[in-house]
Amino acid sequence: MSRWEQRVDVLGPVIVRGAGGIVPLTRSMEIAVLSLLALRAGSPVSGESLIDLLWPDDPPRTANKTLQGYVKRVRSMVAVNGIELGHAGPAGYVLDLAPDRVDALQFESLVAHARTSPDDGQRVQRLDQALELWRGEPFAGCDFEGLRPRREWLQRLLSGTRVERVAAQIRLGVTPESLAAIRALLTQEPTNERLWLHLAGAHYLAGNPVAALETVGEARRTLDELVGVVPGPELSELHRRMLEHDDVEAGYFRLTGASQPVVPRGAAGRSSAPPAALPNPGGDLVGRDDRVVEIVTAIDEAAPIVTVVGPGGMGKTRCAVEAARTASVPCRGFVDLSALTTGAALALHLAGTFGVPDRDDPVAAVAAQVAGPPCTVVLDNVEQIADASGVIAELARRCPSVVWLVTSQIELGLPNERVVRLEPLPTGTGRETRSGGLSVAGLLLAQAARRRGVRHVGDAAFAEIATLIGGYRWPWSSPRASCSTSSRRCCSRRCRTRSTPSWTPATPSPGIGPCARASTWPRPG
């Protein structure tokens, strides 16, 4: 069996394919190790990253030796099919496999290429190829917290891919098969309003307005019964148009984005598209006013690349969004890149985001779309993209009027990059203390606590609350936030020995307790 037939599949029970046949993994530890290595195929994964995945809270003293045993078993499993799991010294372990030989990475690539396809026939074909890769829940049999964000991202992308496939099929022509396909998807996602919108629109385009109106009514009842909400503005507008016979077809295509809008251009060929919608994070921006001003200044001074740098949880996205909203130039796009790992995928994802059809040179296609009047594009979470700096540098070169606002845990290392660094918030009681004797970090915690019915009493309770919410790293200068990884774990063990908290919940809350996860609390930024 040739090399290109070797692969690792994680979109379901994790298996290794190749000349040795199909080798399934059944132990959760081996599944977790191989899954993380496969998701970064061809790139080194540090032993520390694998230990954090397997023992996120309190690794045993023998963690390194135990990990070596798991890696050895995984190495023997993939070797049956001729796949090498190498050791890259201090850099960690490398699964010697092309990214397109991992079904999750191939799925993301096919979806990105489908979004840039010039016609719906090719788009449907590629989306079908992507959907055929799914065999069940990603990383089945492995419930490690470290894989949860990637699992949720893949499932969201799967849902979006199904909707995109439906929309492309409708544009090619409504058939009984396409209507049945939408119905089948609605049995899996009955609260997906986009699917209801497409089903109602498809019935109308097929010449059956009665069925279209009945579909809207069914959607209204389903949403009310299952989640207690009314249909959103898109479905409501389509319903109004059908009742008033108000150019329903054009309204449907506009509401679903199914037809590419004609972007008006000025005399110099400059795009005059409207500003992009930015996320609306909850809570006040505490302790980051100076950094937001610094970012806004860099944007207004037309710095080509502005990188907001800091550890996870420091509020980089929150500051970038606030600055993009405040700056004098409009924001043309906000793109979450947390699921991408390569520069090629980054370029294709941006091309798909901006709706441009050029697949041969996606960077040029993106540049042609956003170049023109001054604007900002926010690129969120790029630290895991190995060669992102090359793509961003080329975009900056081709688009001198665009400010590329980047959030990352590390600098890009580009000569024209302006770095804004976020440091942990102070916890002392000196000049930085705000109202009520609370430090800046205390105010941030108090906001999150009030939203969960907790009455905060002072800085002394920080470690206890952090322990009870799952050891989340809040952005303040405490030993847990600033010490090394090993000492953080020791600090976590010491924190868990306290049994009598010095804070009290105002009302009982199911999200607070020794077993509560950090994800149940709002992130600071």
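The structure presented is a predicted model; accordingly, all values stated were derived computationally and were not measured.
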Mind checking the [atom1]-[atom2] spacing from [X] to [Y]? Nearest 0.5 Å is all I need.
X: Glu152; Y: Arg148; atom1: CD; atom2: CZ; value: 4.5 Å
X: Thr407; Y: Arg318; atom1: OG1; atom2: CZ; value: 14.0 Å
X: Leu422; Y: Gln409; atom1: CG; atom2: CD; value: 11.5 Å
X: Phe107; Y: Leu11; atom1: CZ; atom2: CG; value: 7.5 Å
X: Cys142; Y: Leu147; atom1: SG; atom2: CG; value: 5.0 Å
X: Ile295; Y: Asp290; atom1: CD1; atom2: CG; value: 11.0 Å

Taking every non-hydrogen atom, the tightest pair across [X] and [Y]:
X: Pro374; Y: Pro330; answer: O-CD, 3.6 Å
X: Leu53; Y: Ala32; answer: CD2-O, 3.5 Å
X: Ala367; Y: Arg398; answer: CB-CB, 3.8 Å
X: Leu154; Y: Trp134; answer: O-CZ2, 3.5 Å
X: Phe139; Y: Leu39; answer: CZ-CD1, 3.8 Å
X: Ala38; Y: Leu95; answer: CA-CD2, 3.8 Å

Student check: side-chain heavy atoms of [X] and [Y] closer than 4.5 Å:
X: Leu337; Y: Leu340; value: yes
X: Val306; Y: Trp404; value: no
X: Leu379; Y: Leu350; value: yes
X: Val308; Y: Val406; value: no
X: Val102; Y: Leu97; value: yes
X: Ile305; Y: Arg418; value: no
X: Leu127; Y: Leu110; value: no
X: Pro59; Y: Leu54; value: no

Between the main-chain N or O of [Y] and the side-chain N or O of [X], is there a donor-acceptor pair closer than 3.5 Å?
X: Glu193; Y: Pro231; result: no
X: Ser109; Y: Leu105; result: no
X: Glu417; Y: Gly413; result: yes
X: Ser49; Y: Val45; result: no
X: Lys316; Y: Thr307; result: no
X: Gln384; Y: Asn381; result: yes
X: Asp300; Y: Ser328; result: yes
X: His349; Y: Ala345; result: no
X: Arg151; Y: Pro138; result: yes
X: Asp103; Y: Val10; result: yes

Under the side-chain contact (heavy atoms from CB on, under 4.5 Å) rule, what do Leu238 and Trp196 come out as? Steps first, then yes or no, please. CA-CA 11 Å; Leu238 185 67; Trp196 286 112; over 6 Å; no

Between Arg162 and Glu189, does any NZ, NE, NH1 or NH2 come within less than 4.0 Å of an OD or OE carboxylate oxygen? yes

Carboxylate-amine/guanidinium contact Glu164 Arg123, below 4.0 Å: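 No, Glu164 and Arg123 are not salt-bridged.
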
Take Val366 and Leu395 through the side-chain contact (heavy atoms from CB on, under 4.5 Å) test and state the conclusion after the steps. CA-CA 8 Å; Val366 173; Leu395 286 168; 4.0 Å; yes

Do any pairs count as a salt bridge (charged side-chain N to carboxylate O under 4.0 Å, His left out) and have a residue in residues 399-414, sequence neighbours left out, and if so which ones?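 Output for this query lists Glu411-Arg421.
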
If only side-chain N and O atoms count, and only distance matters, is there a donor-acceptor pair under 3.5 Å linking Trp153 with Glu108? yes

Evaluate side-chain contact (heavy atoms from CB on, under 4.5 Å) for Ile385 paired with Thr342, printing each intermediate quantity in order. CA-CA 5 Å; Ile385 304 177; Thr342 67; 5.5 Å; no

For a side chain to side chain contact (heavy atoms under 4.5 Å, CB included) with Val402, tell me which candidate from Val329, Thr376, Val377 qualifies.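 Only one of Val329, Thr376, Val377 forms a side chain to side chain contact (heavy atoms under 4.5 Å, CB included) with Val402, namely Val377.
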
Please step through side-chain contact (heavy atoms from CB on, under 4.5 Å) for the pair Val321 and Val378, ending with a clear verdict. CA-CA 8 Å; Val321 168; Val378 182; 5.6 Å; no

